[in-house]
Amino acid sequence: MNIVRPARSHPLYDDIVGIVGEDRVNDNQVIISSYSKDASHLTAERPGIVVMPESVEEIQAIVRLCAAHKVPLVSAGGRNGICGACLPRVKNAVMLDMVKMDNIVKLDEDVMTVTVEAGLRWAELIHRLDERGYKLGFRGPYGGNVGTVAGSISSNSIGYAASKFGPANEGVVSLEVVLANGEILRTGTGWNPDAQLFGRYSAYNDLTGLFLGDYGTLGVKTKVTLKIYPKAEHLAFGDFGFKTLEDATAAFLEIQKRGLTEELNLLADRQSTDTFFPGFLDSHPEINAMFAAVVQEDDEGLARRKMEIVREVALKHGAKDLGNFASQMHWGEMFNLVQPLFNNGFWLNTCHLRPIPSVPIVMKRLWAIFKKYNMPKNGVKWIASCLGSERAYTTGWFTIFTPHRDRMDEVLRVWNEMLDVIIETGGCPYWSGMLWENRVLARTDKTFLDTYRTVKRALDPDNIFNPHVFEGV
Ligand SMILES: Cc1cc2nc3c(=O)[nH]c(=O)nc-3n(C[C@H](O)[C@H](O)[C@H](O)COP(=O)(O)OP(=O)(O)OC[C@H]3O[C@@H](n4cnc5c(N)ncnc54)[C@H](O)[C@@H]3O)c2cc1C
């Protein structure tokens, strides 16, 4: 980090050097500036100083230092979020860049868990497990080349294989967290120092859940224990097109309810398919919505049979069999699938969850907005993509692309109208951050918010961790 010389002007610079040495701390504006953005267009305060810890002991010492001086501390993973979550809301914060803490601590084959350091990236973890004959359930957000395990579970990520295994947090068994007083909390079966980390719920309340989706407001996650499964080699793919979004949604719901697929992704209109897979629907003029289905099993016959059932359900709802290009591409490209979409311009996301039957309802409202702003004619593309999640709900990944920087204001107007419609039609954001926070707070039940704030005050009385998050921007 220190090819760029530190300014040494942050009040805690010397103390932090005393903890981690000179090489992993910097407060030069060049470095700070590169830490002042995530993958969204959102902006907040720059951190005052950045430090890259390599051990839990270093983190404990930094937390104690920040608490003693009442200096805010913000944890960052890959800074790959698209909602501004890792950006400090206050000046002069200490930012912990966690990516040097990226070891696999223990692969426990007896109880089928893997314990990793918080800053490990999903792509690396998947690769390392694959070599040992295992897979994760949830396999990371689609930005998993960069996103870290702790960043994802702190921000309720949804993505790869969520159709079968649910969101990131469903895969978590236990956490190690450094609390505001510098002590280490181990959750799940971790309350018993002699126990293996195999279960989330035992003897006490579920303290793991308290820290999942907390956006780093309650502590610094240092280790995460995740469920693992035997690697399953047999894949079956299927793409199905429908004349109407209503038909596609009905089939999608039935397949998701029956838990047939590892991954099930609905593209709600032709524009969405054209943006993802240009030309794919050119010879199918009657098709207006499609989904791509992926089955993965350790038995070839079972994989084939499950895909046959998916096909039967789809055809029952009027589908046309489109082969398997889109589903193979979707699965095979993995974390490289969505980056090329930046070629369409800068993304503005609306990531949220919703019941599957509400997809046509929200889409009608969104199409009206797209029409009002004459979007296709103005060169503004969109993708309305719905990833089946867990039993029977879906993500709404309704993204618009800003073709040129000078169109940003106009596209932001469209985006803000979309965000309102999504909330009004019962959508619940999976991320919060600066993207959603004000809209979420405006609707949050008072008792819910008071309870969260009581927990925050009890665990972090000096409000050291990510101050102002969940307070509005
Ligand atoms: C191309 C692309 C595709 C993407 N696809 C998806 C997708 O499919 N699904 C999805 O959900 N997201 C997606 N994202 C967004 C992003 O990848 C995820 O949200 C990811 O989980 C963020 O992880 P991160 O390590 O970058 O976290 P950061 O952005 O660094 O941080 C996120 C939050 O976690 C907190 N945090 C980080 N580490 C710790 C820690 N050790 N202890 C406590 N708090 C911590 C931060 O303070 C912040 O509040 C995508 C992004 C891109 C650019």
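Just so you know, ligand 1 is whichever comes first in the structure, and atom 1 is the first atom listed for that ligand.
Atoms of ligand 1 lying under 4.0 Å from at least one heavy atom of Gly216, given by number and element, are 43 (C), 44 (N). Heavy-atom proximity to Tyr430, at under 4.0 Å, picks out these atoms of ligand 1: 11 (O). Proximity to Tyr215 (heavy-atom distance under 4.0 Å) selects the following atoms of ligand 1: 47 (O), 49 (O). Close contacts between ligand 1 and Thr148 involve ligand atoms 23 (O), 24 (P), 25 (O) [criterion: under 4.0 Å to a heavy atom]. In the vicinity of Gly147, heavy-atom distances shorter than 4.0 Å reach the ligand 1 atoms 23 (O), 24 (P), 25 (O), 26 (O). Close approach of ligand 1 to Gly77 is summarised as follows: ligand atoms under 4.0 Å from at least one heavy atom of the residue are 25 (O), 28 (P), 30 (O), 37 (C), 38 (N).
The nearest heavy-atom contact from the protein to atom 31 (O) of ligand 1 is Cys86 CB, 3.7 Å. Of the protein's non-hydrogen atoms, Gly78 N, 3.4 Å is the one closest to atom 24 (P) of ligand 1. Ranking protein heavy atoms by distance to atom 26 (O) of ligand 1, first place goes to Asn80 N, 2.7 Å. Shortest contact from atom 21 (O) of ligand 1 to any protein heavy atom: Ser152 OG, 2.6 Å. Considering only non-hydrogen protein atoms, atom 39 (C) of ligand 1 sits nearest to Ser75 CB, 3.6 Å. In terms of protein heavy-atom proximity, atom 28 (P) of ligand 1 is nearest to Arg79 N, 3.8 Å. Of the protein's non-hydrogen atoms, the one nearest atom 9 (N) of ligand 1 is Ile158 O, 2.5 Å. Closest to atom 8 (O) of ligand 1 among all protein heavy atoms lies Tyr142 N, 2.8 Å.
Around atom 22 (C) of ligand 1, the closest heavy atom drawn from Gly81, Gly119, Gly143, Ala39 belongs to Gly81. Distances from atom 11 (O) of ligand 1 to the heavy atoms of Trp431, Tyr35, Trp347, Phe465 show the closest one on Trp431. Closest heavy-atom approach to atom 45 (C) of ligand 1 among the candidates Ser154, Gly219, Gly213: Ser154.
Of the polar atoms of Lys221, at least one N or O is found under 3.5 Å from an N or O of ligand 1, judged by distance alone. Polar contact check, Ala85 against ligand 1: a nitrogen or oxygen pair lies under 3.5 Å apart. Looking at Val146 next to ligand 1, no N or O pair under 3.5 Å apart turns up.
Crowding of Lys100 atom NZ: a count of heavy atoms from other residues, nucleotides or ligands under 6.0 Å not exceeding 12. Within 6.0 Å of NE2 in His404 there are 12 or fewer heavy atoms belonging to other residues, nucleotides or ligands. No more than 12 heavy atoms of other residues, nucleotides or ligands shown are found within 6.0 angstrom of CG on Asn205.
Comment: Glu417 does not engage Arg365 in a salt bridge, judged by the lack of any side-chain N to carboxylate O separation of less than 4.0 angstrom. By the 4.0 Å N-to-carboxylate-O rule, Arg439 lies too far from Glu424 to be salt-bridged with it.
Between His330 and Phe276, the two ring planes are tilted [angle within 30° to 60°].
Not a single heavy atom of Phe211 sits less than 4.0 Å from an atom of ligand 1.
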Test log, rule ring pair (Phe, Tyr, Trp, His ring centres under 6.0 Å), inputs His127 and Trp122: CA-CA 9 Å; His127 181 67; Trp122 291 96; over 10 Å; no
Derivation and outcome, ring pair (Phe, Tyr, Trp, His ring centres under 6.0 Å), residues Trp382 and Phe401: CA-CA 6 Å; Trp382 69 82; Phe401 298 88; over 10 Å; no
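Counting heavy atoms under 4.0 Å from ligand 1, residue Trp397 does not touch it at all. The side chain of Val338, and not its backbone, has at least one atom closer than 4.0 Å to an atom of ligand 1 (non-hydrogen atoms only; side chain from C-beta on). Contact annotation for Thr222 and ligand 1: no heavy atom of the residue comes within less than 4.0 Å of the ligand. Of all the heavy atoms of Met98, the ones lying under 4.0 Å from any atom of ligand 1 belong exclusively to the side chain.
Applying the ring-ring contact (aromatic ring centres under 6.0 Å, His included) rule to His10 yields no partners; only residues at least two apart in sequence or on another chain are considered. In this structure, the ring-ring contact (aromatic ring centres under 6.0 Å, His included) partners of Tyr215, at least two apart in sequence or on a different chain, are Phe470.
Although no hydrogens or angles enter the test, the distance criterion places a donor-acceptor pair under 3.5 Å between the side chain of Asp239 and the main chain of Ala326. With hydrogens and angles ignored, the 3.5 Å screen pairs no side-chain donor or acceptor of Ser174 with any backbone N or O of Thr225.
Of the candidates Tyr160, Phe138, Tyr229, Tyr229 is the only one forming a ring pair (Phe, Tyr, Trp, His ring centres under 6.0 Å) with Phe165.
In terms of heavy atoms, Leu212 sits closest to Asn156 at C-OD1, 4.3 Å.
Between Leu12 and Ile49, every side-chain heavy-atom pair lies at or beyond the 4.5 Å cut-off.
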